[in-house]
Amino acid sequence: MSALRHTLAALLATALSGHAAAQGDSGLHPVNDAQLWFSAGTEIKPFRKPEGQLTQARFFNKLRATGELDWRLSENASRLKQFNTTAGLFYPITKYLRVGSEYRYSFRDRYTTNKSRADLQVRLKWKTGRLDGNFRSVYQHSFEEVTELRTELRNRIGLEYDIRQWKLDPVVNVETFTALHYTGNRLIGMRYDLGTKLNLDKAKQNTLEITFRLDQELDRKRPDHDWILALAYEYSFKKK
């Protein structure tokens with residue numbers, strides 16, 4: 001029995017070492033990078049009620065326009081990876097449901113072609129006690145060659161907990177990226193967020209979000225694993 005155990009152990013060790021060697025030869029090693037992202041955004045009512053007018057059509061009164069500027073540094077935050085400009089329109093159907101669309105143009109480094117994309121979004125939010133939840137589904141299309149993974153479905157779920165007498169409430173998000181392609185639909189990425197949101201004034205017009213993010217590519221020979229510190233400032237105009 002002792003000889004048999006030693007033989008089985010030797011065979012198992014050989015199999016594991018062979019599997020590890022095969023993985024090493026296949027090049028399935030993640031490429032790690034530390035990145036730093038900055039963004040500044042705002043949300044406004046694009047249509048003001050004309051002076052002297054008592055009422056305004058419901059659609060124009062509820063419509064919201066958004067804008068964002070986004071800088072991203074890669075290679076351990078030493079090189080400008082891209083600069084994004086984003087504009088969108090959103091309409092709240094109910095207190096908990098919002099639909100809309102965004103367009104983004106991305107200026108890349110000199111080695112990469114600039115890109116643009118458009119999307120359709122559905123956003124849900126809810127509240128239970130001191131816990132806030134949200135869900136976002138995005139159908140996104142990039143204007144690239146048909147051979148590229150240019151169409152994606154993104155689904156994100158997030159939770160925020162309101163800690164009593166504490167300003168830095170924790171925020172957790174998980175997002176999936178699914179490629180919709182003629183060669184087959186497949187999961188190509190995951191994003192994990194752990195952060196907080198800080199109101200910079202009593203009116204809650206100025207907010208700062210600090211997020212530690214992990215982006216993981218999937219279904220690639222050399223997937224990127226990006227560790228990101230994201231700083232986002234948002235200004236919201238007062239409702240009128």
Any side-chain heavy atom of F47 sitting closer than 4.5 Å to one from K45?
no

Quick check, are the ring centers of Y103 and Y105 under 6.0 angstrom apart?
no

Might you point out which heavy atoms bring M190 and V174 nearest each other, and give the distance in Å?
CE-CG1, 3.9 Å

Just checking F135: does its CZ atom have more than 12 heavy atoms from other residues, nucleotides or ligands closer to it than 6.0 angstrom?
yes

Shortest non-hydrogen pair, K62 vs P92, comes out as NZ-O, 2.9 Å

If you look at every heavy atom in L63 and P46, which pair is closest and at what distance?
O-CD, 3.3 Å

Under a single-linkage definition using a 4.5 Å side-chain heavy-atom cutoff for Ile, Leu, Val, Met, Phe, Trp and Tyr, are L200 and L231 assigned to the same hydrophobic cluster?
yes

Are V138 and L120 side-chain neighbours, meaning at least one heavy-atom pair lies under 4.5 Å?
no

Same apolar cluster (I L V M F W Y, side chains within < 4.5 Å links), L159/L194:
no

Between T207 and Y233, is there a side-chain heavy-atom distance shorter than 4.5 Å?
no

With D132, which residues qualify under side-chain contact (heavy atoms from CB on, under 4.5 Å), at least two apart?
K127, E160

hydrophobic_cluster_shared for W37 and V172, side chain cutoff 4.5 Å:
no

Looking at every non-hydrogen atom in both residues, tell me the closest pair between H181 and T183 and how far apart they are.
ND1-OG1, 2.7 Å

Let me have the donor-acceptor pairs involving side chains of residues 143-151, under 3.5 Å, with sequence neighbours excluded, atom names and distances please.
residue, atom, partner, partner atom, Å
R150, NH1, E144, O, 2.9
T151, OG1, H141, ND1, 2.9

Please tabulate, for side-chain N and O atoms in residues 161-170, each donor-acceptor pair with protein atoms closer than 3.5 Å (sequence neighbours left out).
residue, atom, partner, partner atom, Å
W166, NE1, L168, O, 2.9
D169, OD1, I163, N, 3.1

With R213 as partner, the option from D193, D226, N173 fulfilling side-chain hydrogen bond (donor to acceptor under 3.5 Å, both in side chains) is D193

S106 and R108 have their tightest heavy-atom pair at OG-NE, 2.7 Å

Where the side chain of T128 meets the backbone of L131, is there a donor-acceptor pair that is under 3.5 Å apart?
no

One should read off an interatomic distance between S137 OG and I157 CD1, to the nearest 0.5 angstrom, of 12.0 Å

Would you mind telling me which of R79, K81, R72 makes a salt bridge (Lys or Arg N to Asp or Glu O under 4.0 Å) with D109?
R79

Residue of the set R154, R98, Q140, E102 for which side-chain hydrogen bond (donor to acceptor under 3.5 Å, both in side chains) holds with Q121
E102

Y96-W126 aromatic ring centre distance below 6.0 Å
no

From L198 CG over to I210 CD1, what is the distance, rounded to the nearest 0.5 angstrom?
7.0 Å

With no hydrogens and no angle check, is any side-chain donor or acceptor of Q205 less than 3.5 Å from a backbone partner on S236?
yes

Are V31 and L214 joined in one hydrophobic group, where the rule is that I, L, V, M, F, W and Y side chains link up if heavy atoms are under 4.5 Å apart?
no

Counting only N and O atoms by type, is there a donor-acceptor contact under 3.5 Å from the side chain of D33 to the main-chain atoms of N76?
yes

Decide side chain to side chain contact (heavy atoms under 4.5 Å, CB included) for L69 and F38; before the verdict, give the C-alpha distance in whole Å, the side-chain angles of both, and the deciding distance to 0.1 Å.
CA-CA 8 Å; L69 300 177; F38 299 96; over 6 Å; no

Rounded at 0.5 Å granularity, tell me how far CG in L218 sits from CZ in R186.
11.5 Å

First locate atom CG of N206, then atom CG of D201, and finally report the distance between them rounded to the nearest 0.5 Å.
4.5 Å

Would you check if the side chain of E217 reaches a backbone N or O of D224 as a donor-acceptor pair within less than 3.5 Å?
yes

Hydrophobic cluster membership, with links at side-chain heavy-atom distances under 4.5 Å among I/L/V/M/F/W/Y: are Y91 and L89 in one?
yes

So CG of L153 and CG of L187: to nearest 0.5 Å the spacing works out to 10.5 Å

Could you go through the side chain to side chain contact (heavy atoms under 4.5 Å, CB included) check for R136 and E175 one step at a time?
CA-CA 9 Å; R136 184 185 72 178; E175 186 169 12; 3.0 Å; yes

Looking at CZ of R123 and CZ of F90, how far apart are the two atoms once the value is rounded to the nearest 0.5 Å?
4.0 Å

How close do L229 and F212 get, heavy atom to heavy atom, and via which atoms?
CD1-CE2, 3.7 Å

F83 atom CZ, over 12 foreign heavy atoms within 6.0 Å:
yes

Note, I93 side chain near V99 side chain (heavy atom, < 4.5 Å):
yes

